[in-house]
There are 2 protein chains.
Amino acid sequence: MRIGELAEASGTTAKTLRFYEEQGLLPAAERTPAGYRDYTPDAVGRIDFIHRGQAAGLTLAQVRQILDIRDDGQAPCGHVQDLLDSRLADLDEQIAQLVALRETITQLRDQAATVEPETCSPDQVCRYL
Amino acid sequence: MRIGELAEASGTTAKTLRFYEEQGLLPAAERTPAGYRDYTPDAVGRIDFIHRGQAAGLTLAQVRQILDIRDDGQAPCGHVQDLLDSRLADLDEQIAQLVALRETITQLRDQAATVEPETCSPDQVCRYL
DNA sequence: ATGGACCTTCCAGTAAGGTGGAAGGTCAAG
DNA sequence: CTTGACCTTCCACCTTACTGGAAGGTCCAT
């Protein structure tokens, strides 16, 4: 199948697929005599896998690591587990920070809502921040 | 004071201060005869304000909007309130998404922890993702 | 044989908030 | 008078995941 068909079948664009190839996420496809990329249908599965990795918050570089291990004939399970663990730890920290930030902003905004603007002194930029 | 001193006093770098000037966050400073930027000490307050804005999750562009209003002689309170409100809404959505992602990843990781790697079929990349 | 839809490569740009480095000017101390 | 720490400008680069566009080649139907 040609790149446009593959893009359609996997819910992405030809441009993105070329980009994935360039980044090492997709192996270089066979070419027709005219130089067109010619994919086998199982490429769809690989692209779906990339999408699932992204949906799990992995970067393309991390997805690529997993694919490299699999392409090497090994089972990437251990590595996947490590990635998910560290993603989970990052996520917990990220969530904690956002929740703290939310707390801070709520307070600032409540102040901003109750104080009269007229009483702002011009030598600060804004008393609420 | 020179740019290096100001950077030191406000906990940033000279490079960053030049960048802020270029972005319109800091007004162009006076210059010494030799062409050195010469700041008045109140620049520290402005940079602290920028830092507080960033700490509240505002972008430099948003901080700049507030500063522009203030520099225009107006009280930016209303605008600040709007920014904080919309930041709060964004934050809630962002947190909800991360919590959902955390849920997804927890499930994936738990699967990955309980299944034997040997049972992975080689025609999938990884059964956990 | 010509039009349109497809494909190719390569180069450039996007957001955001800076960082790095080169080439050169300035200033105070020794 | 030189050394070293500053300062100046300008240009490029970093991250991530693409996207846009130009210039050209190919394929199929009319």
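The basis for the numbers below is simple: all heavy atoms, side chains too, and nothing from hydrogens, waters or symmetry mates. Just so we're on the same page: letters track the sequence lines, and every chain starts at 1.
- Considering only residues two or more places apart in sequence or on other chains, A:Arg64 meets the side chain to side chain donor-acceptor pair (under 3.5 Å) condition with A:Asp68.
- Of the residues in residues 17-31 of chain B, those with a non-hydrogen atom less than 4.0 angstrom from any atom of DNA chain C are B:Phe19, B:Tyr20.
- For A:Asp92, the salt bridge (Lys or Arg N to Asp or Glu O under 4.0 Å) test picks out B:Arg102, with sequence neighbours left out.
- Closest approach of A:Arg31 to A:Gly35, counting heavy atoms only: NH1-O, 2.9 Å.
- Comparing the axis of the opening five pairs of the helix from C:dA1-D:dT30 to C:dG30-D:dC1 with that of the closing five pairs yields an angle of 40°, rounded to 10°.
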When the side chains of residues 52-61 of chain B are checked against the rest of the protein, which donor-acceptor pairs come out under 3.5 Å, sequence neighbours left out?
| residue | atom | partner | partner atom | Å |
| --- | --- | --- | --- | --- |
| B:Arg52 | NE | A:Leu129 | O | 2.7 |
| B:Arg52 | NH2 | A:Leu129 | O | 3.2 |
| B:Thr59 | OG1 | B:Ala61 | N | 3.4 |
| B:Thr59 | OG1 | B:Gln62 | N | 3.1 |

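- Near DNA chain D, meaning a heavy atom under 4.0 Å from it, residues 55-63 of chain B has no residue at all.
- Listed by chain and residue number, nothing satisfies the side chain to side chain donor-acceptor pair (under 3.5 Å) test with B:Asp90 (two or more places apart in sequence, or in another chain).
- Between the CG atom in B:Leu26 and the CG atom in B:Leu17 there is a gap of 6.0 Å [rounded to 0.5 Å].
- Smallest separation of non-hydrogen atoms from B:Leu98 and A:Leu98: CD1-CD1, 3.6 Å.
- With values rounded to the nearest 0.5 angstrom, B:Leu101 atom CG is found 9.0 Å from A:Gln94 atom CD.
- Checked options A:Thr12, A:Leu67, A:Ile66; the residue passing with A:Ile50 is A:Leu67 (criterion: side-chain contact (heavy atoms from CB on, under 4.5 Å)).
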I'd like a list of close polar pairs between nucleotides 26-30 of chain C and the protein, N/O only, cut-off under 3.5 Å.
| residue | atom | partner | partner atom | Å |
| --- | --- | --- | --- | --- |
| C:dT26 | O4' | B:Tyr36 | OH | 3.1 |
| C:dT26 | O2 | B:Tyr36 | OH | 3.4 |

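- Look at B:Thr16 and you won't find any side-chain N or O under 4.0 angstrom from OP1 or OP2 of C:dG17.
- Taking the 5' to 3' direction, DNA chain D first and last meets chain A under 4.0 angstrom from a heavy atom at D:dA17 to D:dC27.
- Within the structure, salt bridge (charged side-chain N to carboxylate O under 4.0 Å, His left out) pairs that include any residue of residues 36-49 of chain B comprise B:Glu21-B:Arg37, B:Arg46-B:Asp71 (at least two apart or interchain).
- Here the OG atom belonging to A:Ser86 is positioned 10.5 Å from the CG atom belonging to A:Leu91, to the nearest 0.5 angstrom.
- The CZ atom of B:Arg70 lies 9.5 Å from the CD atom of B:Gln74; values are rounded to the nearest 0.5 Å.
- Between A:Leu25 and A:Phe19, the closest side-chain pair of non-hydrogen atoms is not below 4.5 Å.
- Not a single donor-acceptor contact under 3.5 angstrom links the side-chain atoms of B:Lys15 to the base of C:dG17.
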For residues 1-10 of chain B, run the donor-acceptor check on the side chains, cut-off 3.5 Å, and write out each pair with its distance to 0.1 Å, sequence neighbours left out.
| residue | atom | partner | partner atom | Å |
| --- | --- | --- | --- | --- |
| B:Glu5 | OE2 | B:Arg2 | N | 3.0 |
| B:Ser10 | OG | B:Leu6 | O | 2.6 |

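- Every residue meeting the side chain to side chain donor-acceptor pair (under 3.5 Å) condition with A:Thr16, not counting sequence neighbours, appears here in chain and number order: A:Thr13.
- Remark: C1' of C:dC6 and CZ of A:Arg37 are 13 Å apart, rounded to the nearest angstrom.
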